[in-house]
Amino acid sequence: MDRTFLIECSANPKVLLNYWHNIPEEKFDFNSGGEKIEVKSNSNFERIHTFSSEQLNPPTGTQVLIASIFIRQHNGGQSIQQLVDSIITKVQSHIDLIEKLNHIVFRTLGNSLEQSIKIKFDYNIARDSLCFYRQQEISKIEEVHIPNAVSEVRYKSDLSTLTPIALTTLKHCGELFSSI
């Protein structure tokens with residue numbers, strides 16, 4: 001739901017759809033090679049998120065943005081289906097992207113699709129809470145401190161004391177970041 005929200009409210013949904021992961025288990029939600037975006041959400045209004053070591057220790061030359069969103073269920077809000085419909089309207093001439101959108105939503109929700117598609121959330125809270133952070137500024141366990149025999153390291157980091165980046169600073173970046 002949070003990734004669909006980011007696509008729907010972005011300046012260029014076509015670009016985000018193009019770079020959206022095909023497999024939900026991939027390390028980053030959006031990946032253009034040199035630019036990556038990982039979306040994290042929280043319903044407790046706390047900017048504490050779980051990260052994998054790979055998300056905060058990307059390869060050299062890679063820039064990673066973390067999108068942090070507060071998600072709150074609300075009976076009068078918007079459903080995932082409404083977000084999907086809005087995205088389809090924005091990319092209507094790109095059948096391949098519409099198919100990708102539907103495929104990923106279906107694959108991500110799986111057996112819970114019928115119930116999940118009806119759940120509504122407060123769009124205004126999500127929009128007003130959306131912040132972006134550079135991966136370099138987030139507290140992490142440096143990769144050098146993780147033994148070679150240890151894998152799939154996950155931990156929580158608190159972003160509440162960090163200053164979010166202004167979207168205007170991303171306008172001169174690559175295609176992915178400038179499309180947010």
Side-chain angles (χ1 to χ4, degrees), residues 1-10 15-74 80 83 104-105 107-113 115-116 119 121-123 125-167 169-170 173-180:
M1 200 292 307
D2 45 11
R3 291 141 196 91
T4 311
F5 167 78
L6 184 62
I7 294 168
E8 194 277 334
C9 72
S10 70
V15 171
L16 267 72
L17 273 171
N18 188 49
Y19 292 121
W20 196 12
H21 60 65
N22 286 316
I23 303 168
E25 296 78 25
E26 287 186 29
K27 299 288 182 223
F28 297 96
D29 296 313
F30 303 91
N31 185 346
S32 72
E35 294 179 334
K36 301 174 188 323
I37 300 172
E38 177 63 16
V39 182
K40 302 293 186 180
S41 61
N42 190 313
S43 61
N44 297 327
F45 295 95
E46 297 177 331
R47 295 213 189 267
I48 300 172
H49 303 294
T50 302
F51 296 94
S52 71
S53 174
E54 293 89 351
Q55 290 171 334
L56 295 182
N57 292 291
T60 304
T62 303
Q63 293 193 32
V64 176
L65 285 181
I66 305 301
S68 174
I69 307 169
F70 297 147
I71 302 292
R72 179 62 54 119
Q73 283 190 11
H74 187 275
I80 295 172
L83 288 176
I104 295 173
V105 168
R107 188 165 185 191
T108 302
L109 297 177
N111 294 336
S112 67
L113 177 67
Q115 292 136 351
S116 299
I119 296 173
F121 75 100
D122 191 317
Y123 187 91
I125 287 175
R127 184 193 63 226
D128 294 345
S129 70
L130 176 61
C131 291
F132 292 90
Y133 299 90
R134 294 190 191 281
Q135 141 274 323
Q136 301 94 317
E137 299 171 5
I138 298 171
S139 296
K140 62 184 160 278
I141 299 171
E142 296 292 336
E143 199 169 64
V144 69
H145 299 297
I146 301 171
N148 290 337
V150 175
S151 62
E152 298 184 35
V153 175
R154 301 184 70 73
Y155 46 86
K156 289 184 179 183
S157 288
D158 186 348
L159 284 57
S160 62
T161 61
L162 301 177
T163 302
I165 63 168
L167 289 180
T169 64
L170 302 175
C173 290
E175 184 180 32
L176 179 59
F177 288 177
S178 62
S179 295
I180 299 173

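Here the structure is a predicted model, which means the values were calculated and not measured.
Residue Gln55 forms a side-chain hydrogen bond (donor to acceptor under 3.5 Å, both in side chains) with just one option from Glu38, Gln135, Lys140, His49, and that option is Glu38.
For the pair Leu170/Leu65, a side-chain contact is recorded, criterion being any heavy-atom separation below 4.5 Å from C-beta on. Looking at Tyr19 and Glu175, their side chains come closer than 4.5 Å, going by heavy atoms from C-beta outward. In this structure, Ile104 and Leu17 have side chains that are not in contact, with every pair of non-hydrogen atoms separated by 4.5 Å or more. Counting only heavy atoms from C-beta outward, the side chains of Phe5 and Leu83 approach each other to under 4.5 Å. Within the 4.5 Å cutoff, side-chain heavy atoms of Leu167 are placed close to those of Phe132. The shortest distance between side-chain heavy atoms of Val64 and Ile66 falls below 4.5 Å. The shortest distance between side-chain heavy atoms of Leu159 and Ile48 does not fall below 4.5 Å.
Taking the charged nitrogens against the carboxylate oxygens, Arg3 and Asp29 do have a contact shorter than 4.0 Å, which makes a salt bridge.
Note: Gln136 CD to Ile138 CD1 = 9.0 Å, rounded to the nearest 0.5 Å. Distance check: Arg127 CZ to Ile69 CD1 gives 12.5 Å after rounding to the nearest 0.5 Å. Going from atom CD of Glu26 over to atom NE2 of His21 covers 6.5 Å, rounded to the nearest 0.5 Å. Considering CG of Leu16 and CG of Leu176, their distance stands at 5.5 Å, rounded to 0.5 Å. The distance from atom CD1 of Ile119 to atom CD1 of Ile71, rounded to the nearest 0.5 Å, is 11.5 Å. The CG atom of Leu162 lies 10.5 Å from the CZ atom of Arg47; values are rounded to the nearest 0.5 Å.
In terms of heavy atoms, Arg72 sits closest to Ser43 at NH2-O, 2.8 Å. Contact between Asn22 and Arg107 at its shortest, heavy atoms only, is O-NH1, 3.8 Å. The shortest heavy-atom contact between Asp122 and Ile125 is OD1-N, 3.0 Å. Scanning all heavy atoms of the two residues, the minimum distance from Ile7 to Trp20 falls at CD1-CE3, 3.5 Å. Listed here is the closest heavy atom pair of Glu35 and Phe177: OE1-N, 3.0 Å.
Between the Asn31 side chain and the Gly33 main chain, a donor and an acceptor come within less than 3.5 Å of each other.
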Start with the C-alpha gap between Glu46 and Ser160, add the side-chain angles, then the distance that decides, and say whether side-chain contact (heavy atoms from CB on, under 4.5 Å) holds. CA-CA 7 Å; Glu46 297 177 331; Ser160 62; over 6 Å; no
Using side-chain contact (heavy atoms from CB on, under 4.5 Å), reason through Ser68 and Asn42 one step at a time and then give a plain yes or no. CA-CA 8 Å; Ser68 174; Asn42 190 313; over 6 Å; no
Residues Ile37, Ile180; criterion side-chain contact (heavy atoms from CB on, under 4.5 Å); working and verdict: CA-CA 10 Å; Ile37 300 172; Ile180 299 173; 3.6 Å; yes
Output side-chain donor-acceptor pairs under 3.5 Å for residues 147-157, partner residues at least two apart or in another chain, one line each.
from, atom 1, to, atom 2, distance (Å)
Tyr155, OH, Ile141, N, 3.4
Ser157, OG, Ser139, O, 2.5

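The distance between the ring centers of Phe45 and Phe70 falls below 6.0 angstrom.
Defined by atom type and a distance below 3.5 Å, a donor-acceptor pair is present between the side-chain atoms of Tyr123 and Glu8.
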